[in-house]
Visitor: 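One structure, pasted below without further comment.
Both counts, for ligands and for their atoms, begin at 1 and track the order of listing.
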Amino acid sequence: MTKPSAPPWTPEDSASLYGICGWGAGYFDLNDRGDVTVKVQFPAGEAAVSLMEIVSGIQERGHALPVLLSVENLLDAQIVQLNEAFRSAIARAGYRGSYRGVFPVKVNQQCQVIEEITHFGARYRHGLEAGSKAELILALAALGDGGLLICNGYKDREFIDLGLWAQKLGYSCFFVIESPAELPILLERSRALGIRPLIGARVKVSARVGGLWTETSGDRSSFGLSTAQLVALVDTLKEEGMLDCLQLLHCHLGSQIPHIEDIRGGVREACRFYADLVLEGAPMGYLDLGGGLAVDYMGSRTNHVHSRDYTREDYSNAIVEVAGEILDMQDVPHPHLVTESGRATVAYSSMLLFDILDAMRFEPIDLPSQLPPAVPEQVRRLHELHSRPDGGNLSRDYSEALRCRDTVRDLFRGGQISLRMRSLSENLFLAAARSILARLEEREDVPEDLAQLKASLADIYYGNFSVFQSLPDTCAIGQVFPVMPLHRHTERPDREAIISDLTCDCDGKLDRFIGAHGERPSLPVHPLRDGEDYLMGVFLMGAYQETLGDLHNLFGDTHVVSVRINEDGGFDVMKEISGDSIGDVLSYVEYSPDSLFEDFRNKAEAAVRRGRITVPERQAMLEEFSSNLKGYTYFER
Ligand SMILES: *Cc1c(COP(=O)(O)O)cnc(C)c1O
């Protein structure tokens, strides 16, 4: 439906339409052929690789879409930039402590991700944060020399023993006391094993932060000590002669904090706690400010919940400056600064790549040039509304069209009109709605009652993936991830669509997107072409999605492929992890694939006995059944 006068479409037009330069943070772009590229900086210059080429490489290696692609260079770059941002902030401010980053394991526990983080983080002694026994065990296995190991969460005797032994092995393992009940167990176990622990205290700061996670801080937060409990902790440690073990103050302000001033406020309060613990006689040395460094999913650099109004450099400068200032005022030596950035570290490096299987359009299928002789009044009105010339009151026209359509539906239900008449009415309604939309698009201001019209007429593109498995935060907390086609950006995307997944669930869809000017209810897409794949990517989804995903409709884990981009613009496949097979997901819900097969074989054999099928037919069926059990849970072509 491109107007003949429309100028040719360029990748630059797509870049601004999809906002890729904003949310892409320099990692994603479009090339001249109109493909989305991943960009990596090397000393000799930049390498940009088309995601379409990576997809072909993955398919040639036998993995069908959907695939979770991880680009390890991006994880590497994020770790470097975080550490370097603090290093420069510290140098600039003349701050006298160092920066010690740790990665909170809960944000992405996947083995290959943790391995990459400890590998790339080694040069900065980047550490790990564990919130449970399972996380501590994997952290102990993964962490190299020198990185901090911070233990948060509720700690039982086994958890504490493991951490104490780790310390004896040479790890700097901090037990962060989250609740008063933990201290007696820690003191008892350290006495029993003869190991003096490194203790941290987690406090609740009262400074409020904006964003979706406001509840993680503040008086009613379920984590951390109140001020009175902190004082009691200090007193107990003094009585036990163990105040020298208290060396870290922990304070997690929240996640995805959009506003830099909130971070400054939280750090200011945390520093006041820190300084007074030093004055109480604790040696201290580490100030851990938790997570919170936001990812700009919108690319808008605003204090919107899915954005942030600061850069990584603003963040590190704010923390270093505020800490230096408050502690200097009280003449307290500068501590090492710890942050537990999870989201910002891993979000960029993972993306979900999937194909579109089909599209449903909301437009008339067949419009007669002339109305048949006897039509109900409402059908005649719909016809007039559709062929009305420009102008008119669009809100009034649209509500009349709705009324006519609904009356015809009532007449149909009452048996007064036929199936074909109802079909004519539905077609005319869609034609009328589309012509109202076309007239609306020529206007500057959209009346409020027509704001949803475009989205309500948007196509539905069926994507080969499950929101519940791959993007659970979309439903859980209304997270908006950047989504866009991976190719054809030399063509104008002249359709609008929402994306529905393979689950038969009305929440299994993406219907909030990022555009050049904030959120939009539908996504510009290209029309599908027969016999040609149409590929999409969901970006910035490396944080929190993997282990929160569930098996809704028994769609399992997707394949995971990790690649490294090379300086010459090629790429190496570093790791391939096959997704769940149908047999795998059935066994998660306690079926045994072997006995399912046996049951089916018995049924087939009984059918042979009754003469319903032949033995060769039985064999063909059994082969099909067993190859299905081994197959991918997603749509296979
Ligand atoms: C979740 C969590 C983090 C990670 O926060 P991000 O905002 O993802 O960086 C860090 N520390 C603690 C204690 C957490 O619970």
Visitor: Which bit of Glu340 is near ligand 1, meaning a heavy atom under 4.0 Å away: side chain, backbone, both or neither?
Guide: both
Visitor: Starting from atom 14 (C) of ligand 1, what is the nearest protein heavy atom, named by residue and atom, and what distance separates them?
Guide: Lys106 NZ, 2.8 Å
Visitor: Centroid-to-centroid, Phe174 to Tyr286, below 6.0 Å?
Guide: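 Yes - the distance between ring centres of Phe174 and Tyr286 falls below the 6.0 Å cut-off.
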Visitor: Is there a polar contact between ligand 1 and Arg343, counting only N or O atoms under 3.5 Å apart?
Guide: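 There is such a contact, yes.
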Visitor: Which bit of Phe223 gets closer than 4.0 Å to ligand 1, counting heavy atoms only: side chain, backbone, both or neither?
Guide: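 Within the 4.0 Å criterion, Phe223 makes no contact with ligand 1.
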Visitor: Looking at Arg196, I'd like to know if its CZ atom is crowded, meaning that more than 12 non-hydrogen atoms belonging to other residues, nucleotides or ligands lie closer than 6.0 Å.
Guide: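 Buried by this count: over 12 neighbours within 6.0 Å.
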Visitor: Does any N/O atom on Gly342 come nearer than 3.5 Å to any N/O atom on ligand 1?
Guide: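 Indeed, backbone or side chain, Gly342 has an N or O that close.
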Visitor: Are Phe555 and Tyr634 near enough that their ring centres are under 6.0 Å apart?
Guide: yes
Visitor: Would you check if the distance from the ring center of Tyr297 to the ring center of Trp23 is below 6.0 Å?
Guide: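 Here the rings of Trp23 and Tyr297 have centres that are no less than 6.0 Å from each other.
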Visitor: May I ask you to decide if the ring planes of Phe86 and Tyr315 are parallel, tilted or perpendicular, using 30° and 60° as cut-offs?
Guide: perpendicular
Visitor: So is Gly292 polar-close to ligand 1, meaning N/O to N/O under 3.5 Å?
Guide: yes
Visitor: May I ask you to list the atoms of ligand 1 that are less than 4.0 angstrom from any heavy atom of Tyr544?
Guide: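 Counting atoms of ligand 1 from 1, those under 4.0 Å from Tyr544 are 1 (C), 4 (C), 5 (O), 6 (P), 8 (O).
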Visitor: Taking 4.0 Å as the limit for heavy-atom contacts, which would you say applies to Ser255 with ligand 1: side chain only, backbone only, both, or neither?
Guide: both
Visitor: Taking the six-membered ring for Trp, are the ring centroids of Phe481 and Phe539 within less than 6.0 Å of each other?
Guide: no
Visitor: Polar contacts were defined as any N/O atom of the residue lying under 3.5 Å from an N/O atom of the ligand; does this apply to Asn152 and ligand 1?
Guide: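 No; the residue has no nitrogen or oxygen that sits under 3.5 Å from a nitrogen or oxygen of the ligand.
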Visitor: For the pair Glu261 and Arg264, find out whether any cationic side-chain nitrogen is under 4.0 Å from an anionic carboxylate oxygen.
Guide: yes
Visitor: Give the numbers and elements of all ligand 1 atoms closer than 4.0 Å to a heavy atom of Ser341.
Guide: 9 (O)
Visitor: Could Arg202 and Asp288 be called an ion pair, given the rule that one side-chain N must be under 4.0 Å from one carboxylate O?
Guide: no
Visitor: Counting only nitrogen or oxygen atoms and a 3.5 angstrom limit, does His250 reach ligand 1?
Guide: no
